[in-house]
Student: 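So that we are looking at the same thing, I have put the structure below in structure tokens.
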Amino acid sequence: MHDGALCNPPDFYEFNNVPQLGDYRQAPPETLQAVQSTIAKQLSIDECTVTPQTKFADLGADSLDTVEIMMALEEKFGVSIGDGGAENVATVQDAADLIEKVKSQSAAS
């Protein structure tokens with residue numbers, strides 16, 4: 001494993017103003033970090049290899065792995081993504097953004 005210092009993202013990953021376009025919200029750094037950590041744990045890989053742009057397939061995740069990752073994220077964030085909610089998730093950033101969207105929809109209801 002690592003001490004965490006090696007995986008600190010560069011400054012350009014810091015979002016002071018999170019862009020909002022309709023229903024879309026880019027995940028804040030805390031959510032993205034938690035998603036990266038969860039994915040690394042689920043796949044038993046080094047967290048440094050999990051970047052926002054990384055595709056699940058590039059991490060060696062098959063469809064069952066992806067389902068297990070989404071279930072772990074639901075549990076971690078206390079949300080329910082639903083059956084079709086994850087079908088357009090291809091990258092780590094997509095997963096973090098989806099979590100953020102589901103969290104905001106849950107808070108609004």
Side-chain angles (χ1 to χ4, degrees):
M1 278 286 143
H2 57 84
D3 63 8
L6 299 175
C7 286
N8 288 339
D11 290 340
F12 62 83
Y13 284 121
E14 293 181 15
F15 305 111
N16 293 327
N17 296 317
V18 177
Q20 295 181 22
L21 302 171
D23 224 10
Y24 173 79
R25 174 178 293 179
Q26 190 168 25
E30 314 80 57
T31 301
L32 184 58
Q33 176 60 39
V35 169
Q36 289 172 290
S37 176
T38 301
I39 291 170
K41 184 176 179 182
Q42 283 294 125
L43 296 176
S44 301
I45 58 175
D46 192 313
E47 193 173 327
C48 290
T49 63
V50 184
T51 69
Q53 298 80 21
T54 306
K55 294 182 180 179
F56 288 168
D58 293 340
L59 296 171
D62 61 20
S63 59
L64 179 58
D65 291 324
T66 302
V67 169
E68 290 174 347
I69 288 167
M70 297 314 290
M71 289 172 56
L73 291 172
E74 285 179 322
E75 185 176 322
K76 176 152 188 78
F77 289 96
V79 297
S80 177
I81 295 170
D83 292 336
E87 61 190 31
N88 293 322
V89 173
T91 67
V92 174
Q93 184 71 56
D94 291 343
D97 293 345
L98 178 61
I99 293 295
E100 214 42 49
K101 180 180 176 181
V102 172
K103 281 173 41 180
S104 67
Q105 288 174 344
S106 296
S109 39

Student: Without swapping roles, check the side chain of Asp97 against the backbone of Gln26 for a donor-acceptor pair under 3.5 Å.
Tutor: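 Looks like no, no N/O pair under 3.5 Å.
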
Student: State, yes or no, whether a side-chain contact exists between Thr54 and Leu59 at a heavy-atom distance under 4.5 Å.
Tutor: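 Touching, per the 4.5 Å side-chain cut-off.
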
Student: Identify the heavy atoms of Lys76 and Ala34 that sit nearest to each other, and give their distance.
Tutor: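 Where Lys76 meets Ala34 most closely, the heavy atoms are CE-CB, 3.7 Å.
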
Student: What pair of heavy atoms forms the shortest contact from Ala95 to Val35, and how long is it?
Tutor: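 In this case the closest contact between Ala95 and Val35 is CB-CG1, 4.1 Å.
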
Student: Is it true that Leu73 and Ile45 fall in one hydrophobic cluster, defined by side-chain heavy atoms closer than 4.5 Å?
Tutor: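 Looking at the clustering, Ile45 is in the same group as Leu73.
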
Student: Would you kindly confirm whether Met71 and Phe77 end up in one hydrophobic cluster when ILVMFWY residues are joined by side chain heavy atoms under 4.5 Å apart?
Tutor: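 No, Met71 and Phe77 fall in different hydrophobic clusters.
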
Student: May I ask you to test the Val92-Phe56 pair for a side-chain heavy-atom distance under 4.5 Å?
Tutor: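 Result yes, sub-4.5 Å side-chain heavy-atom pair found.
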
Student: May I ask you to test the Val79-Lys103 pair for a side-chain heavy-atom distance under 4.5 Å?
Tutor: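 Val79 reaches Lys103 side chain to side chain.
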
Student: Minimum heavy-atom separation for Ala86 to Leu98, with atom names?
Tutor: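 Shortest heavy-atom separation between Ala86 and Leu98 comes out as CA-CD2, 4.0 Å.
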
Student: For Met70 and Ile81, work out which heavy atoms get closest and say how close.
Tutor: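 Met70 and Ile81 have their closest heavy atoms at CE-CD1, 3.4 Å.
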
Student: To check you understand the geometry: which heavy-atom pair defines the closest contact between Asp46 and Ala40, and what is its length?
Tutor: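 So the minimum-distance heavy-atom pair works out to C-CB, 4.3 Å.
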
Student: Contact between Leu43 and Asp65 at the side-chain level, heavy atoms closer than 4.5 Å - yes or no?
Tutor: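 They are in contact (side-chain heavy atoms under 4.5 Å apart), so the answer is yes.
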
Student: Just verifying a value: how many Å separate Lys101 NZ and Ile99 CD1, rounded to the nearest 0.5 Å?
Tutor: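 Output value for this atom pair is 12.0 Å.
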
Student: For the pair Asp94 (side chain) and Thr91 (backbone), establish whether a donor and an acceptor sit closer than 3.5 Å, ignoring hydrogens and angles.
Tutor: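 Yes, Asp94 side chain to Thr91 backbone: donor-acceptor pair under 3.5 Å.
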
Student: Quick check: closest heavy atoms across Asp62 and Leu64, and the distance to 0.1 Å?
Tutor: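 For Asp62 versus Leu64, the nearest heavy atoms are OD1-N, 3.1 Å.
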
Student: Quick one: pull up CD in Glu68 and CD1 in Ile39 and give me the separation to the nearest 0.5 Å.
Tutor: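 Rounded to the nearest 0.5 Å, the CD-CD1 separation comes to 13.0 Å.
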
